[in-house]
Each structure stands twice: as C-alpha cells, then as structure tokens.
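Everything on this sheet refers to the single structure shown next.
A note on names: the letters A, B, ... follow the listed sequences, proteins ahead of strands, and every chain is numbered from 1. Reckoned from all heavy atoms, side chains included, excluding hydrogens, waters and symmetry mates.
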Protein chains: 2
Amino acid sequence: MDTMERLIRSTQELLWERGYVGTSPKAIQRRAEAGQGSMYHHFDGKPGLALAAVRRSAGELRAEAEARFSAPGTAIERITAYLLREREVLRGCPIGRLAQDPDIVASEELRRPLEETFAWLRGRLAGVLAEGRARGELSDGLVPEEVAATIVAVLQGGYVVARAAGSAEPFDQAVGGLLALLRAHVTLS
Amino acid sequence: MDTMERLIRSTQELLWERGYVGTSPKAIQRRAEAGQGSMYHHFDGKPGLALAAVRRSAGELRAEAEARFSAPGTAIERITAYLLREREVLRGCPIGRLAQDPDIVASEELRRPLEETFAWLRGRLAGVLAEGRARGELSDGLVPEEVAATIVAVLQGGYVVARAAGSAEPFDQAVGGLLALLRAHVTLS
DNA sequence: GTCTATAGAGAGATAGAC
DNA sequence: GTCTATCTCTCTATAGAC
C-alpha cells in the first residue's frame with residue numbers, strides 16, 4: 001500500500017472516530033506513518049484529504065448497501081436483510097457521523113457527498129419498496145419515499161441513541177420496532 | 001443574568017453548534033462576555049462547565065417533551081403532537097448531537113446525562129403507548145418499548161439526514177412515514 | 001469575583017534541502 | 001517524493017495582583 005493510500009485510509013478512520021474538527025493533520029500522519037512533507041505533497045491540506053476520505057467512505061457504504069438491495073428475495077426480505085446486517089453499532093455510521101460536524105456542514109464541497117449518499121440510499125430503498133408494492137407484496141397504503149426516509153432515519157438515530165447509551169441495545173430495539181410496524185403492511189403469502 | 005449563568009448558557013449554545021471537541025474555553029468566554037479568570041473561578045475547567053451545560057440542556061429537553069406527553073388526548077394524538085411539534089431541524093438535537101463527540105462518549109460522567117435522557121424519553125413514550133393499548137386505542141401486536149425506541153430513533157436520525165441534506169425535508173418525510181406506519185395500528189373510533 | 005501575565009503543547013501550514 | 005526547520009495561532013490552563 002503506497003503512502004497516498006495509507007493517508008486516505010488513516011483519514012477515513014480518524015474522521016469516523018473523531019470527526020473532522022477532532023482530527024489533526026499530525027494525527028493523520030502518525031497513523032499513516034507518513035511525514036509532514038509527504039502529506040502536503042499528495043494533498044493540499046486537511047480539507048482536500050478529508051474530501052478524498054469522505055468520497056471513499058461514501059462509495060464503500062453504497063457498495064455495501066447495494067449488495068443487499070440487489071440480492072434475490074421479496075422487497076421486505078431484502079430490506080430486512082439490510083436492517084439486520086452485522087454492524088459495529090457503537091462506532092456509528094462513518095457518513096452520518098459527519099453530518100454533526102460544523103466544519104463539514106459549513107463546506108458545500110464536504111457536505112455534498114453526505115447529501116448524495118443519503119439521497120441515493122433513500123431513492124434505492126424507495127425503489128425496492130415500490131417494486132414490492134407493484135408485485136403485491138406490500139399494501140398500497142404506504143408512500144415508498146416516506147417509508148424509505150423512515151428506514152434511513154431509524155438506522156441513523158439508532159446509532160445516536162446506542163452511542164449515548166454505551167450499548168447496542170437501543171439500536172436493536174429501534175430496528176425491531178420498525179420491522180414490527182412494517183410487517184403489518186406485508187401481504188401474507 | 002449573572003456571570004455564572006451566562007457561562008452556562010453560552011456553553012449550551014456552543015456545545016449545540018460545535019460539539020465538545022469544537023468548543024474552546026476562549027470561545028465560551030467571548031460569548032459569555034466573561035474573562036479568563038472569571039470562568040476558572042466559577043468552574044474547574046472545560047469538562048466541569050460542559051457537565052453543567054449538558055445537565056441544563058437535558059432538563060430543558062425533558063420538560064419540553066413532558067409537556068406533550070402529559071397533555072390531554074389519546075396516546076396517538078399525544079405522540080403525533082410530540083413528533084410534529086415545531087423544531088429547528090437543521091440545528092439538530094442538543095443532546096443527540098453530543099453522542100457523536102468522542103470526548104463526551106469517552107467520559108463516563110459526561111455521557112451519563114445523554115444516556116439518562118434517552119432512557120427517560122423511551123420509557124415515557126413506552127408508557128404512553130402502553131396506556132393507549134390498555135385503553136383499546138392501539139392494536140395489541142406492538143411492543144411498546146420497541147416502538148418507543150423506533151420513535152426516538154426516527155427523530156434523531158431525521159436530524160442527521162436533514163443536516164446532511166442541508167434541508168428539513170428528509171426529517172419531515174421520515175416523520176411522515178412513521179406516522180403512516182403507526183396509523184395502521186390505531187383502532188378507529 | 002475579575003483581570004492580566006505567562007506557559008507548554010498542539011494545530012495547520014510553508015520553505016527549502018536532499 | 002520525503003525530510004527537517006520554522007512560523008503564527010490557538011488550546012487549556014495556572015499564578016498572582018487588584
């Protein structure tokens with residue numbers, strides 16, 4: 001793994017753990033085992049490095065989710081698989097976490113990957129739900145775009161409450177409650 | 001308003017806007033119009049001041065929520081009123097926001113008010129739901145504790161996605177989807 | 001209670017040698 | 001490409017005068 005790659009991965013890790021405000025160039029260099037000059041040769045500074053790291057994390061999140069959405073099964077099966085997939089709950093979401101960072105939100109360029117990631121996620125979930133409805137798997141009463149937004153919010157909020165509690169339990173309960181609410185709308189086969 | 005009070009309120013605002021890591025004693029002093037010596041006379045430092053501010057914010061959040069929960073009306077009416085109450089969505093939740101902060105979560109003392117606040121909130125919502133179920137307003141199929149966790153997560157996650165989008169729209173959609181899912185379990189009168 | 005002085009450490013870069 | 005030196009601010013206090 002070359003220096004530039006190590007710098008990006010170290011930045012991804014630190015942004016996840018400490019956010020943008022809590023991450024210093026020096027800390028990145030230490031973790032990447034790269035020198036000062038090395039870092040400023042490859043990137044123009046903290047914002048540029050963060051942008052590369054955020055884009056990388058966003059792509060990874062998207063690929064991970066897409067694997068569940070495009071798997072075989074009914075709409076509700078795929079969404080359930082996505083909700084119940086293994087997660088390191090107490091670490092939180094590497095993208096959602098950054099939405100709380102004042103310097104990320106203040107920068108149009110750094111915020112955009114976050115916006116696009118969640119827009120894609122909501123759109124993809126809405127598509128799966130609409131598909132399920134068209135196939136008669138789900139009741140007609142639901143608006144796919146709304147329910148998709150609810151699903152994303154339950155995951156993001158689940159992380160928040162779990163971190164506050166120092167335990168994954170609130171996350172699991174929130175997902176359990178969501179699945180129970182969704183099940184009422186599944187047309188039993 | 002005396003100096004100590006101004007220090008606490010300024011800290012509350014800054015923790016909300018910039019988090020613990022992003023808030024410096026100097027910034028607090030500036031906003032409170034208090035000098036260095038003044039701040040360190042009243043508090044032992046940044047952690048102590050933050051603790052006072054977090055406890056204050058937690059109490060305010062609780063009072064605000066309790067007003068909705070103890071209002072007259074059916075369970076679903078009170079929960080709907082709580083969900084739809086006016087919020088400054090893009091500012092996020094003053095408590096939930098801190099759950100992303102590495103230094104808050106690393107400190108048992110600073111994390112505890114967050115844990116207690118959400119535990120209270122989930123318990124109170126579960127109580128309202130259980131009451132509604134006992135009165136025959138809600139279907140028996142739901143586990144109050146789970147649905148309560150889902151409701152809290154939708155709000156917290158709604159803030160996250162809204163901030164990422166730079167717009168309150170995802171928050172409103174998520175709440176709309178949750179209300180639609182809940183409505184299916186309301187026993188119509 | 002509030003003020004000013006001081007201080008070691010880190011943040012976030014720039015410059016120039018190799 | 002990488003290294004070391006240097007620089008200006010800021011962070012988070014402590015000390016002592018008023």
Side-chain angles (χ1 to χ4, degrees), chain A residues 1-56 97-98 100-111, chain B residues 1-56 97-98 100-111:
Chain A
M1 196 163 48
D2 66 358
T3 303
M4 195 165 157
E5 184 66 17
R6 288 204 314 281
L7 283 165
I8 293 179
R9 297 207 186 169
S10 299
T11 306
Q12 285 183 272
E13 291 173 15
L14 283 163
L15 288 181
W16 194 354
E17 292 167 21
R18 304 200 40 86
Y20 183 85
V21 164
T23 295
S24 71
K26 188 157 296 184
I28 294 169
Q29 292 153 29
R30 224 176 354 243
R31 186 165 305 201
E33 295 178 284
Q36 192 96 325
S38 208
M39 191 195 111
Y40 282 102
H41 170 76
H42 291 291
F43 297 94
D44 42 354
K46 185 175 161 179
L49 193 37
L51 186 57
V54 170
R55 285 186 173 148
R56 178 75 68 89
R97 199 233 173 285
L98 300 174
Q100 303 289 358
D101 206 299
D103 290 4
I104 294 275
V105 171
S107 155
E108 194 53 45
E109 203 177 16
L110 285 170
R111 188 182 57 74
Chain B
M1 194 164 49
D2 67 358
T3 302
M4 196 166 156
E5 184 65 18
R6 288 204 313 280
L7 283 166
I8 293 178
R9 298 209 187 168
S10 298
T11 305
Q12 284 182 273
E13 292 173 14
L14 282 163
L15 288 180
W16 195 355
E17 292 168 20
R18 306 199 39 86
Y20 183 84
V21 164
T23 296
S24 72
K26 184 158 300 185
I28 294 169
Q29 292 153 29
R30 221 173 359 235
R31 187 165 305 201
E33 295 179 282
Q36 192 97 324
S38 208
M39 189 195 113
Y40 282 102
H41 171 74
H42 290 290
F43 297 93
D44 43 354
K46 183 174 163 178
L49 192 37
L51 186 58
V54 170
R55 284 184 174 148
R56 177 77 68 89
R97 198 236 174 283
L98 300 174
Q100 302 290 355
D101 206 296
D103 291 3
I104 295 276
V105 171
S107 156
E108 196 52 45
E109 205 177 16
L110 284 170
R111 188 182 59 74

Next on the checklist: On the nucleotide D/dG1, are OP1 or OP2 found under 4.0 Å from the side-chain N or O atoms that A/T3 carries?
Outcome noted: no
Between [atom2] of [N] and [atom1] of [X], the distance in whole Å:
| X | N | atom1 | atom2 | value |
| --- | --- | --- | --- | --- |
| B/Q29 | C/dG1 | CD | P | 18 Å |
| B/R30 | C/dT2 | CZ | C1' | 19 Å |
| B/I28 | D/dC11 | CD1 | P | 11 Å |
| B/D103 | D/dC11 | CG | P | 14 Å |
| A/L7 | D/dG1 | CG | P | 13 Å |

Where is the tightest heavy-atom contact between [X] and [Y], given as atom of each residue plus distance?
| X | Y | value |
| --- | --- | --- |
| A/L98 | A/G19 | CD2-CA, 4.3 Å |
| B/T3 | B/A34 | CG2-CB, 4.0 Å |
| B/G22 | A/V21 | CA-CG1, 3.5 Å |
| A/L15 | A/Y20 | CD2-CA, 3.6 Å |

Item to check | CZ on B/R56 to CG on B/L51, rounded to 0.5 Å | outcome: 12.5 Å
Item to check | Spacing of A/K46 atom NZ and A/M39 atom CE [to the nearest 0.5 Å] | outcome: 9.5 Å
Checklist entry - Do B/T11 side-chain atoms and B/A53 backbone N/O form a donor-acceptor pair below 3.5 Å? => result no
Checklist outcome for this item: The complete set of side chain to side chain donor-acceptor pair (under 3.5 Å) pairs with one or both residues in residues 31-45 of chain A, sequence neighbours excluded, reads A/E13-A/R31, A/E17-A/R31, A/Q29-A/Q36
Next on the checklist: Just to be sure I understand the geometry, which residues of residues 39-47 of chain B put a non-hydrogen atom under 4.0 Å away from DNA chain C?
Outcome noted: B/H41, B/H42
Next on the checklist: Side chains of A/F43 and A/I8, heavy atoms from C-beta outward: is any pair under 4.5 Å?
Outcome noted: yes
Item to check | Residues that B/R18 engages under salt bridge (Lys or Arg N to Asp or Glu O under 4.0 Å), provided they are two or more places apart | outcome: A/D103
Next on the checklist: If you count every heavy atom of other residues, nucleotides or ligands that lies below 6.0 Å from A/E5 atom CD, does the total exceed 12?
Outcome noted: yes
Detail all sub-3.5 Å separations between protein N/O atoms and N/O atoms belonging to nucleotides 16-18 of chain D.
none

Next on the checklist: So, applying side chain to side chain contact (heavy atoms under 4.5 Å, CB included) with A/T23, which one of A/I28, A/L49, A/D101 is it?
Outcome noted: A/I28
Checklist outcome for this item: Given protein heavy atoms under 4.0 Å, the one-letter contact record of nucleotides 5-10 of chain D, with B base, S sugar-phosphate only and - none, is simply ------
Checklist entry - Over its full length, what angle do the end axes of the helix from C/dG1-D/dC18 to C/dC18-D/dG1 make, each axis taken from five pairs and the result rounded to 10 degrees? => result 0°
